[in-house]
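In the text below, chain A, chain B and the rest are named by the order of the sequence lines, each starting its count at 1. The figures that follow rest on heavy atoms only: side chains count, while hydrogens, waters and symmetry mates do not. None of the values given here were measured: they were computed from a predicted structure.
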There are 2 protein chains.
Amino acid sequence: MHNTTTPPIPTAAPCLSERIGHTLALLEERVPITRRLVRCGDTVYQAGERMESLHVIHSGFFKTVNLSADGREQVVGLHFKGDWLGFDGIAEGQFACDAIAMDTGEVWTIRYDALLAACARTPALLASMHAAMSREIGRDRESMLALCTLPADARVADFLRNWAVSMEQRGLRTDQITLRMTRAEIGNYLGMKLETVSRALSRLERDKVIGFSEKGRRDLHIPDVRALGAFVARSLAPAALTLQ
Amino acid sequence: MHNTTTPPIPTAAPCLSERIGHTLALLEERVPITRRLVRCGDTVYQAGERMESLHVIHSGFFKTVNLSADGREQVVGLHFKGDWLGFDGIAEGQFACDAIAMDTGEVWTIRYDALLAACARTPALLASMHAAMSREIGRDRESMLALCTLPADARVADFLRNWAVSMEQRGLRTDQITLRMTRAEIGNYLGMKLETVSRALSRLERDKVIGFSEKGRRDLHIPDVRALGAFVARSLAPAALTLQ
DNA sequence: CGGCTGGTTGAGGCATCTCAAACGCAGTGG
DNA sequence: CCACTGCGTTTGAGATGCCTCAACCAGCCG
C-alpha cells in the first residue's frame with residue numbers, strides 16, 4: 001500500500017480489486033470467520049436484531065432495505081464483493097435495516113468484539129474497515145445527489161453507470177450486466193415508479209446507450225460506459241448546445 | 001451539563017447529550033486538539049483537500065456540500081454539536097465534499113494519525129468514533145428514505161422535525177428554532193425548489209403545525225414536535241381515515 | 001391449458017417546476 | 001430623511017415530468 005507517485009485522479013479502479021483481495025486475505029488470517037452461503041432472498045441480518053457481528057461479502061450481491069416506523073420501505077444500498085454489511089448497527093448496538101441477498105453468494109461473518117481485538121493488533125485491518133465505512137458514507141451522498149439533481153431518465157442511466165463501474169472495479173465484465181432486481185425494486189431504489197423505470201430503459205435503448213439481450217429484459221449490455229455518463233450530462237443541459 | 005429534571009420524552013434523547021459531553025471530554029484529555037473559531041461561511045475543509053485531520057463540532061452549525069464533476073451541487077448533511085466532520089475523506093485520503101460553517105462556532109481539529117494512536121490506547125475513543133460514523137450512515141439513509149417516499153410538504157415537515165429532535169437531543173429548546181438557511185438552501189437539501197419550500201412552510205403555518213415569529217420568516221416556533229410527525233403521517237395516507 | 005408474475009406502453013391527472021410579479025428588509029449614498 | 005438597490009421571500013398562473021390507472025404481452029410453472 002505504498003505509493004511511489006501520488007496520482008491525481010488516474011482511475012482508482014484497478015486499485016480496488018486488489019484492495020478487496022488484500023482485505024479478504026487479511027481477515028482470513030487474522031480474525032475468526034464464519035462463512036455462510038446464501039441464496040437469493042436470504043437475510044443476512046434484520047432491523048432490530050442485536051448487532052454482534054459485521055459481515056463482508058465474499059461473493060454475490062446484496063441490498064440493504066430501510067423500513068420506517070410508519071411502514072415506508074426503501075432500498076438504500078446495493079452491495080457487491082468486498083463491501084461490508086452492518087455498519088449501521090454499530091451506533092445503537094442493533095441493526096437499523098435489513099440486509100438481503102439478491103443472488104447466491106457467500107458472506108463472511110466476523111464477531112465485532114473479535115474484529116476490534118484483531119484491529120488492535122493489525123492496524124491495516126482497522127484502516128480497511130474505516131475506509132469501507134468512509135466509502136459507504138461517500139456513496140450514500142452520491143445517491144442523495146443523484147436523487148435530488150437528476151431527472152428520472154438520467155437517474156436510471158446513472159444507476160446503470162454506477163453498476164458498471166462497480167463491476168469494472170472488481171474486474172468483472174462491464175459490457176454485459178444482468179439486473180437481479182425487478183423494475184419495482186430499481187424504482188424503489190431510485191425514488192420513482194416501476195413504469196418510469198421501464199420507460200427510461202426503453203428510451204436508453206432507443207438512444208442506443210444500452211441494448212437488451214435477446215434472452216430477456218433482465219439482461220442488458222452496455223456498448224460504452226461513457227455513453228451513459230454522456231447521457232446524464234446531456235439531460236442536465238439539453239439546450240446548452242444550441243444556445244452557446 | 002447535568003440535567004436535574006429529564007425532559008418530556010424519556011427516550012434516547014438525554015443519552016446523546018451526555019455522550020457528546022463524554023466524547024468531548026475524552027478527546028480533550030487523550031488527544032492533541034487544535035481549537036478553531038469559525039464564522040458563518042468559513043470552510044472547515046474543502047473537497048479535494050488532503051485529509052490529515054478529522055473535526056468535531058464543539059459549537060455551531062455546519063453543512064456538508066457535495067459537488068459533482070459536472071457542476072451539480074448539493075447540501076448532503078447538516079451537523080450540530082458533537083458531530084464529526086471529515087469521515088468522507090478517510091477512504092481516498094482526500095475530502096469528497098466541502099464542510100462549511102452556517103454560524104459562529106468552534107471546531108476541534110484532530111490529526112488523524114494522532115487520533116488512531118489515541119484510539120489504540122483508549123478503546124472508548126474508538127467506540128465513539130465508530131458510533132459517530134455509524135450514526136452518519138444511518139442518517140444518510142433516513143434522508144434517502146425521506147427523499148424517495150415523502151411528498152414535498154411532508155419532506156419539509158420531516159426536516160423541521162429532525163431539526164427539533166437534534167436540538168432536543170442536545171438539550172436545547174425545541175419550541176423555537178431559527179433556520180440559518182435560506183429557502184433555496186433548504187430546497188437544495190430536500191430536493192425541491194425554493195418556491196416549493198416557501199409554499200410548504202406557508203401550508204404548515206396555515207395548519208397550525210408551525211408558527212412564524214413576528215421578527216421575521218427565518219425564525220419559527222413549533223408548538224408541538226409530535227404534530228410535525230402527525231403531519232407527515234397524514235400526508236402518507238390521506239384517505240385511510242375515510243376508507244377504513 | 002390457465003394462472004401468475006414481471007414488463008411494456010398509452011392516456012389522463014396531479015404535484016412540482018418554471019416564470020413572473022410584488023413585497024419586506026437592510027444597507028448605501030445622495 | 002428619502003430614494004435606491006439587492007437579496008430573500010411570497011404568491012400566482014401556466015407548463016411539464018412523473019404518477020396513476022389500465023390494458024396487453026411474454027415467460028414460467030403447476
Side-chain angles (χ1 to χ4, degrees), chain A residues 40-41 72 74-75 102 146-160 178-207 210-220 231-232 234-239 243, chain B residues 40-41 72 74-75 102 146-159 178-206 210-220 231-232 234-239 243:
Chain A
C40 182
R72 285 170 290 148
Q74 212 225 336
V75 178
M102 304 288 285
L147 285 171
C148 287
T149 62
L150 295 181
D153 286 9
R155 228 141 71 212
V156 173
D158 192 57
F159 161 74
L160 294 175
T178 55
L179 298 174
R180 292 171 213 287
M181 307 168 73
T182 66
R183 305 293 192 251
E185 266 177 317
I186 297 171
N188 179 292
Y189 179 53
L190 298 177
M192 66 190 74
K193 296 291 139 181
L194 72 158
E195 296 96 329
T196 307
V197 176
S198 180
R199 284 184 237 269
L201 288 171
S202 296
R203 268 187 286 266
L204 288 172
E205 185 194 22
R206 192 177 325 134
D207 288 11
I210 65 170
F212 284 111
S213 141
E214 59 285 348
K215 300 186 175 180
R217 293 277 177 171
R218 298 292 272 273
D219 306 75
L220 47 85
F231 182 92
V232 172
R234 213 178 310 146
S235 60
L236 284 172
L243 280 177
Chain B
C40 182
R72 285 171 290 147
Q74 214 226 336
V75 178
M102 304 289 284
L147 284 171
C148 287
T149 62
L150 295 180
D153 286 9
R155 228 141 72 212
V156 173
D158 193 57
F159 162 73
T178 54
L179 298 174
R180 292 173 214 285
M181 306 168 75
T182 66
R183 305 292 191 252
E185 266 178 317
I186 297 171
N188 179 291
Y189 178 53
L190 297 178
M192 65 189 76
K193 295 291 139 180
L194 73 162
E195 296 95 329
T196 307
V197 176
S198 180
R199 284 185 236 269
L201 288 171
S202 296
R203 269 187 286 267
L204 288 172
E205 185 194 21
R206 193 178 322 134
I210 64 169
F212 284 112
S213 142
E214 59 284 348
K215 299 185 176 182
R217 301 277 172 281
R218 297 292 273 275
D219 306 76
L220 48 84
F231 183 93
V232 172
R234 215 179 309 147
S235 61
L236 283 173
L243 279 177

Notebook entry, point to check: What is the distance, rounded to the nearest whole Å, between atom CE of A/Met192 and atom P of C/dT16?
Noted result: 16 Å
Note to self: Using the side-chain heavy atoms of A/Thr196, tell me which of these nucleotides is nearest: D/dC19, C/dT18, D/dC21.
What the structure shows: D/dC19
Item checked: Selection from C/dG6, D/dT10, D/dT11 that lies nearest to any side-chain heavy atom of A/Arg218 -> C/dG6
Next item on the list: Measure from CG on A/Leu204 to C1' on C/dT8 and round the result to the nearest Å.
Entry: 15 Å
Notebook entry, point to check: Once you round it to whole Å, what is the distance between C1' of C/dT5 and CE of A/Met181?
Noted result: 17 Å
Note to self: Which nucleotide wins on minimum distance to the side chain of A/Arg183, given the candidates C/dC19, C/dC17, C/dG7?
What the structure shows: C/dG7
Next item on the list: Would you indicate which nucleotide in C/dT16, D/dT10, C/dT18 comes nearest to any side-chain atom of B/Pro151?
Entry: C/dT16
Note to self: To check you understand the geometry: which heavy-atom pair defines the closest contact between B/Val232 and B/Ala154, and what is its length?
What the structure shows: CG2-O, 3.7 Å
Next item on the list: Return the nearest nucleotide to the side chain of A/Phe212; candidates are C/dT16, C/dT8, D/dT10.
Entry: C/dT8
Note to self: Which nucleotide wins on minimum distance to the side chain of A/Glu195, given the candidates C/dC17, D/dT10, C/dT9?
What the structure shows: C/dT9
Checklist line | Between P of C/dG24 and CZ of B/Arg217, the distance in whole Å | finding: 10 Å
Next item on the list: Looking only at side-chain atoms of A/Thr182, point me to the closest of C/dC17, C/dG6, D/dT9.
Entry: C/dG6
Next item on the list: Just compare D/dT11, D/dT20, C/dC17 and give me whichever is closest to any side-chain atom of A/Lys193.
Entry: D/dT20
Next item on the list: Give the C-alpha distance, both sets of side-chain angles, the deciding distance and a yes or no for side-chain contact (heavy atoms from CB on, under 4.5 Å) between A/Thr178 and A/Arg218.
Entry: CA-CA 6 Å; A/Thr178 55; A/Arg218 298 292 272 273; 5.9 Å; no
Note to self: Test your reading of the model: is there a side-chain donor-acceptor pair from B/Arg72 to the backbone of A/Leu236, 3.5 Å cut-off?
What the structure shows: no
Note to self: Strictly distance-based, threshold 3.5 Å: is any side-chain N or O of A/Arg180 a donor or acceptor partner for the main-chain N or O of A/Cys40?
What the structure shows: no
Item checked: Spacing between B/Asp219 atom CG and D/dG8 atom P, to the nearest angstrom -> 16 Å
Next item on the list: Measure from CG on A/Leu220 to C1' on C/dG6 and round the result to the nearest Å.
Entry: 15 Å
Next item on the list: Using a cut-off of strictly less than 4.0 Å, decide whether B/Ser198 has a side-chain nitrogen or oxygen near OP1 or OP2 of D/dG8.
Entry: no
Notebook entry, point to check: Base, sugar-phosphate, or nothing for B/Arg199, non-hydrogen atoms under 4.0 angstrom?
Noted result: base
Check: Between A/Glu205 (CD) and C/dT8 (P), how many Å, whole number?
Finding: 9 Å
Next item on the list: Check the distance between D/dT9's C1' and B/Arg203's CZ and give it to me in whole angstrom.
Entry: 15 Å
Next item on the list: Check whether any side-chain N or O of A/Ser198 sits under 3.5 Å from a backbone N or O of A/Leu194 as a donor-acceptor pair, and report yes or no.
Entry: no
